[in-house]
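Keep in mind that this is a model prediction, so the values were computed, not measured.
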Amino acid sequence: MISEERPLLTSTSNGTTHESIYDRFTPAQKKWIVFVVSFAGLLPAFVQMTFVPSIPQIVRDLDSTHAAVSLSVSLSIFAEAVGALVWAAYSSFYGRRLMYLCGIPFTCIGSCGVATSTSLRSLLFWRFVQTFGCSGGLSLGAGVIADIYKSEERGTHIGIFFSAMLLGFMVAPFLGGSAAQYWSWRYLHYSFGAWGLLGILLIYLSFPETTHPGTMGIDKVARRKRFNVAWVNPMSSLWLLRSPNFFAMMLVSSLVTFSGYVLLVPIAYTIGARYGIINEAVIGACFLPNGLGNLIGTLVAGGLSDSVVKKWRMRRGGVWYPEDRLRVAWIGGFMVPLSVGASGLLTAYVGGPIGLSLNLLCLYINGMGTDFVLNPIAVYNLDVAQIRSTEVIAAYVAVRSLILSAATASIIPSIERIGVAWTNIIAAVLTLIGQGIIFLTIRYGDRMRASVDVGFSN
């Protein structure tokens, strides 16, 4: 009988050859590669998170409404989903490096388009282009980490990679609010275009191809001409989600991420309005505790999940059970619903400095708890789908983004209809459901993998 103590994944007979693939780069080269993908991963964080605090100024400049301009948030999440699938699918054929060089120019052009927008229609179009171009940052970066580090090292280095991205999520809202208050949101987006150009130069001059030799699609194509242009179906990555394991992890990450959106997207109209904060820079500063929690959470969770994998592997006499990594997610599984539910009640019923201070504490706890869930999930996906690492990350990010795109549009109407307390309580209950899904995956992960094999790692 298959049980938690009898995994489907065991060490391969050619373990030495398998391990040697991770020795292609020196430790110093690996650190530089992680730096480059982290630098590239910062850009989408800034593109996304500087926008929300500047919405009030954009509303005034375009003579529009908050609800209408907020559609660009949902649209950019949709663009992130589409772009993640495209860049991941083509990276499996052409490699990681070329996809970075092809994607970032879209962000440069889109950023200039956003900066010159004079209508809501043009703003929405260029936001889509801008976000589409940099949407491969997460899946490509995670794939690169999986290319160069062994399973028991990935959690730590994914944590470093995520921490760089989350540093962007931490400081970007404050910079976005400050730019809107004291500079111009238009100049801010011009600066993103310049940032993209610097990223292109850095990748072109110093970033090597990390995909394992012989695994790219183009390696299997006869080189009859200098350039091989192939059609790769970007939707093919979604087929990986027929695996119950991947689908479960996508659903959990969606529920947990949504809780953060419930706190952050309407912050100017919940915490800002409740405590009399009208300065965009101060509103942006309210994002800092959440970002700090994200940063600390992903660093601690990454190293802790590696330790848990090693500990349980030793207990089983060297047998690897990938679901062990998900045990770390239990910590965040309680921090997230507690923080989002408490924030809703505090905003509704506790005023003054005490209410504001406790809300900021909830934002910090929510950020830390979120990454105690998302970090182990991301590395788990890489562990069990090494060959198609970028595709599985892109598939779960894409579907999660589509879910969040629709769900985010409902947050403000929900607050207006049933109030901030009940909206947050509903989000808290949803994250508890996600915690139950993690428990079932840890307990029955081997049976779930056996039911639908999508090419799991050995």
Exercise for the section: Test Tyr94 against Trp87 for ring-ring contact (aromatic ring centres under 6.0 Å, His included), laying out the working first. Expected result: CA-CA 10 Å; Tyr94 290 107; Trp87 303 125; over 10 Å; no
Whether the side chain of [X] engages the backbone of [Y] through a donor-acceptor N/O pair (distance < 3.5 Å, no angle test) should be reported.
X: Asp383; Y: Pro322; value: no
X: Asn290; Y: Tyr364; value: no
X: Ser410; Y: Ala407; value: yes
X: Thr298; Y: Leu295; value: no
X: Arg316; Y: Arg313; value: no
X: Asn381; Y: Phe246; value: no
X: Thr50; Y: Phe46; value: yes
X: Thr107; Y: Cys134; value: yes

Minimum heavy-atom distance [X]-[Y], with the two atoms named:
X: Phe247; Y: Leu241; answer: CB-O, 3.4 Å
X: Arg96; Y: Gly143; answer: NH2-O, 3.9 Å
X: Val37; Y: Gly141; answer: CB-CA, 4.2 Å
X: Pro266; Y: Ile412; answer: CB-CG1, 4.1 Å
X: Gly83; Y: Ser135; answer: CA-OG, 2.9 Å
X: Phe161; Y: Leu138; answer: CE2-O, 3.9 Å

Handout entry: Heavy-atom side-chain proximity of Ile33 to Pro208 below 4.5 angstrom
Key = yes
Handout entry: Non-hydrogen side-chain atoms of Arg327 and Ile438 separated by less than 4.5 Å
Key = no
Basic-acidic side-chain contact under 4.0 Å: [X], [Y]:
X: Asp324; Y: Lys311; value: no
X: Glu323; Y: Arg449; value: yes
X: Asp147; Y: Arg24; value: no

Would you call the rings of [X] and [Y] parallel, tilted or perpendicular, taking 30° and 60° as the class edges?
X: His189; Y: Trp185; result: perpendicular
X: Phe106; Y: Phe132; result: perpendicular
X: His157; Y: Tyr149; result: parallel

Practice task
Using the ring-ring contact (aromatic ring centres under 6.0 Å, His included) rule, take Trp330 and Phe372 through it: C-alpha gap first, then chi angles, then the decisive distance, then the call.
Solution key: CA-CA 8 Å; Trp330 275 101; Phe372 262 98; over 10 Å; no
From [X] atom [atom1] to [Y] atom [atom2], the distance as rounded to the nearest 0.5 Å:
X: Arg127; Y: Phe51; atom1: CZ; atom2: CZ; answer: 5.0 Å
X: Thr210; Y: Ile148; atom1: OG1; atom2: CD1; answer: 6.5 Å
X: Leu140; Y: Ile145; atom1: CG; atom2: CD1; answer: 11.5 Å

Problem - More than 12 heavy atoms of other groups within 6.0 Å of Phe39 CZ - result: yes
Exercise for the section: Inspect the surroundings of CZ in Phe192 and state if more than 12 heavy atoms from other residues, nucleotides or ligands are less than 6.0 Å away. Expected result: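 Above 12, so yes.
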Handout entry: Distance-only side-chain donor-acceptor flag, Thr431 / Ser259, under 3.5 Å
Key = no
Practice task
Sequence neighbours left out, what passes side-chain hydrogen bond (donor to acceptor under 3.5 Å, both in side chains) with Ser339? Give chain and number order.
Solution key: Asn366
Exercise for the section: Show your working on side-chain contact (heavy atoms from CB on, under 4.5 Å) between Ile200 and Tyr100 and close with a plain yes or no. Expected result: CA-CA 8 Å; Ile200 292 171; Tyr100 276 118; over 6 Å; no
Exercise for the section: Carefully, step by step, assess Val300 and Asn375 under the rule side-chain contact (heavy atoms from CB on, under 4.5 Å). Expected result: CA-CA 10 Å; Val300 175; Asn375 182 294; over 6 Å; no
Practice task
Go through Glu80 and Thr131 one step at a time and tell me if the side chain to side chain donor-acceptor pair (under 3.5 Å) criterion holds.
Solution key: CA-CA 6 Å; Glu80 181 183 16; Thr131 309; over 6 Å; no
Handout entry: Result of checking Ile267, Asn359, Leu263, Ile415 against Thr347 for side chain to side chain contact (heavy atoms under 4.5 Å, CB included)
Key =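 Among Ile267, Asn359, Leu263, Ile415, the one that satisfies the side chain to side chain contact (heavy atoms under 4.5 Å, CB included) with Thr347 is Asn359.
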Practice task
Could you tell me whether Phe207 and Trp32 have their ring centroids closer than 6.0 angstrom?
Solution key: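 Centroid separation for Phe207 and Trp32: 6.0 Å or greater.
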